[in-house]
*Asks:* 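Have a look at the structure that comes next, please.
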Amino acid sequence: MTSTNPPLLIVEDEMFIRMIAVDALEDRGFAIVEAGDAREALAILERTPEIALIFTDINMPGDIDGLDLATEVAARWPHIEIIVTSGGVRLGAAEVPDSGRFLAKPYSIDHLVTLVREQLARRRP
């Protein structure tokens with residue numbers, strides 16, 4: 001399926017979890033770019049300016065976790081909407097950079113899709 005929506009970046013080190021999110025969002029018409037860690041995500045963002053939203057796990061391997069990634073995205077690419085997720089950490093709304101959203105694991109696909117649509121609706125034309 002070809003998408004006319006701007007691409008979303010899914011950042012998740014657990015391949016199976018990432019595949020579920022990617023498949024669900026692609027099935028609903030979203031274009032998806034994938035990254036397995038924050039460093040890979042930053043490299044993608046530097047060469048893909050049309051990314052509209054980043055959905056990132058907090059706990060990932062490497063020297064940058066998902067919350068640090070979200071903070072960097074908010075500072076460098078303020079047009080990108082942010083959703084962070086975690087099974088081990090719970091965040092309040094004020095703890096997610098740039099009016100982003102937090103989605104606790106395990107999450108339902110319907111809840112993920114709803115949050116993605118809500119965050120994308122916030123974008124300025």
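Both backbone and side-chain heavy atoms feed into the values below; hydrogens, waters and symmetry mates do not. Remember, it's a predicted structure, so these values are computed and weren't measured experimentally.
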*Asks:* Any non-hydrogen side-chain atom of Thr56 less than 4.5 Å from a side-chain atom of Met60?
*Replies:*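 When only atoms from C-beta onward are counted, Met60 and Thr56 do touch, with a gap below 4.5 Å.
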*Asks:* Please name the pair of heavy atoms, one in Ile80 and one in Asp98, separated by the smallest distance, quoted to 0.1 Å.
*Replies:*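 Nearest heavy atoms, Ile80 then Asp98: O-OD2, 4.1 Å.
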*Asks:* Output yes when a side-chain donor or acceptor of Ser108 lies under 3.5 Å from a complementary backbone atom of His111, and no otherwise.
*Replies:*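 Yes: the side chain of Ser108 pairs with the backbone of His111.
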*Asks:* Between Glu95 (side chain only) and Gly92 (backbone N and O only), is there a donor and an acceptor less than 3.5 Å apart?
*Replies:*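 At least one qualifying donor-acceptor pair exists.
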*Asks:* With rounding to the nearest 0.5 Å, note down the distance linking CG in Asn5 to CG in Leu25.
*Replies:*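 The distance works out to 10.5 Å.
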*Asks:* Would Leu115 end up clustered with Ile32 when hydrophobic side chains under 4.5 Å apart are linked, directly or stepwise?
*Replies:*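 Both belong to a single hydrophobic cluster.
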*Asks:* Please list, one pair per line, the donor and acceptor atoms closer than 3.5 Å that link side chains of residues 82-89 to other protein atoms, with sequence neighbours excluded.
*Replies:*
{"from": "Thr85", "atom 1": "OG1", "to": "Leu103", "atom 2": "O", "distance (Å)": "2.6"}
{"from": "Ser86", "atom 1": "OG", "to": "Asn59", "atom 2": "ND2", "distance (Å)": "3.4"}
{"from": "Ser86", "atom 1": "OG", "to": "Gly88", "atom 2": "N", "distance (Å)": "3.1"}
{"from": "Ser86", "atom 1": "OG", "to": "Val89", "atom 2": "N", "distance (Å)": "3.0"}

*Asks:* Please round to the nearest 0.5 Å and tell me the distance separating atom CG of Leu91 and atom CZ of Arg101.
*Replies:*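 The CG atom of Leu91 sits 13.0 Å away from the CZ atom of Arg101.
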*Asks:* Look up atom CZ in Arg39 and atom CD1 in Ile44, then write down how far apart they are to the nearest 0.5 Å.
*Replies:*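 It comes to 14.0 Å.
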*Asks:* Assess whether side chain to side chain contact (heavy atoms under 4.5 Å, CB included) is satisfied between Arg122 and Ser99, documenting all intermediate values.
*Replies:* CA-CA 10 Å; Arg122 293 170 16 103; Ser99 301; 3.5 Å; yes
*Asks:* Could Arg28 and Asp110 be called an ion pair, given the rule that one side-chain N must be under 4.0 Å from one carboxylate O?
*Replies:*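 So Arg28 pairs with Asp110 through a salt bridge.
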*Asks:* In Å, rounded to the nearest 0.5 Å, how long is the span from CG of Leu67 to CD of Glu72?
*Replies:*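 With rounding to 0.5 Å, CG (Leu67) is 12.5 Å from CD (Glu72).
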*Asks:* Let me confirm one number: the NE2-CG distance from His79 to Leu53, rounded to the nearest 0.5 Å.
*Replies:*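 With rounding to 0.5 Å, NE2 (His79) is 10.5 Å from CG (Leu53).
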*Asks:* When the aromatic ring centroids of Phe102 and Tyr107 are compared, is their separation below 6.0 Å?
*Replies:*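 No.
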*Asks:* After noting the C-alpha distance and the side-chain angles of Val116 and Phe55, does the key distance pass the side chain to side chain contact (heavy atoms under 4.5 Å, CB included) rule?
*Replies:* CA-CA 8 Å; Val116 166; Phe55 175 54; 5.7 Å; no
*Asks:* Check for me, please, whether Val22 and Val113 land in the same ILVMFWY cluster - side-chain distances under 4.5 Å, paths through other members count.
*Replies:*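 Cluster IDs for Val22 and Val113 match.
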*Asks:* Should Glu46 and Arg76 count as an ion pair when the cut-off is N to O under 4.0 Å?
*Replies:*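 Between Arg76 and Glu46 there is a salt bridge, with a charged N closer than 4.0 Å to a carboxylate O.
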*Asks:* Do side-chain atoms of Glu40 reach the backbone of Gly36 as a donor and acceptor pair under 3.5 angstrom?
*Replies:*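 Between the backbone of Gly36 and the side chain of Glu40 there is a qualifying donor-acceptor contact (under 3.5 Å).
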*Asks:* Below 4.5 Å, heavy atoms only, C-beta onward: do Leu8 and Val33 meet side chain to side chain?
*Replies:*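 Heavy-atom side-chain distance check fails, nothing below 4.5 Å.
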*Asks:* Could you pull out every donor-acceptor pair under 3.5 Å between side chains of residues 9-21 and any protein atom, sequence neighbours left out?
*Replies:*
{"from": "Glu12", "atom 1": "OE1", "to": "Lys105", "atom 2": "NZ", "distance (Å)": "2.9"}
{"from": "Glu12", "atom 1": "OE2", "to": "Glu14", "atom 2": "N", "distance (Å)": "3.1"}
{"from": "Arg18", "atom 1": "NE", "to": "Glu34", "atom 2": "OE1", "distance (Å)": "3.0"}
{"from": "Arg18", "atom 1": "NH1", "to": "Glu12", "atom 2": "O", "distance (Å)": "2.6"}

*Asks:* To the nearest 0.5 angstrom, please state how far the CG atom of Asp65 sits from the CG atom of Leu69.
*Replies:*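 One finds 8.5 Å between CG of Asp65 and CG of Leu69.
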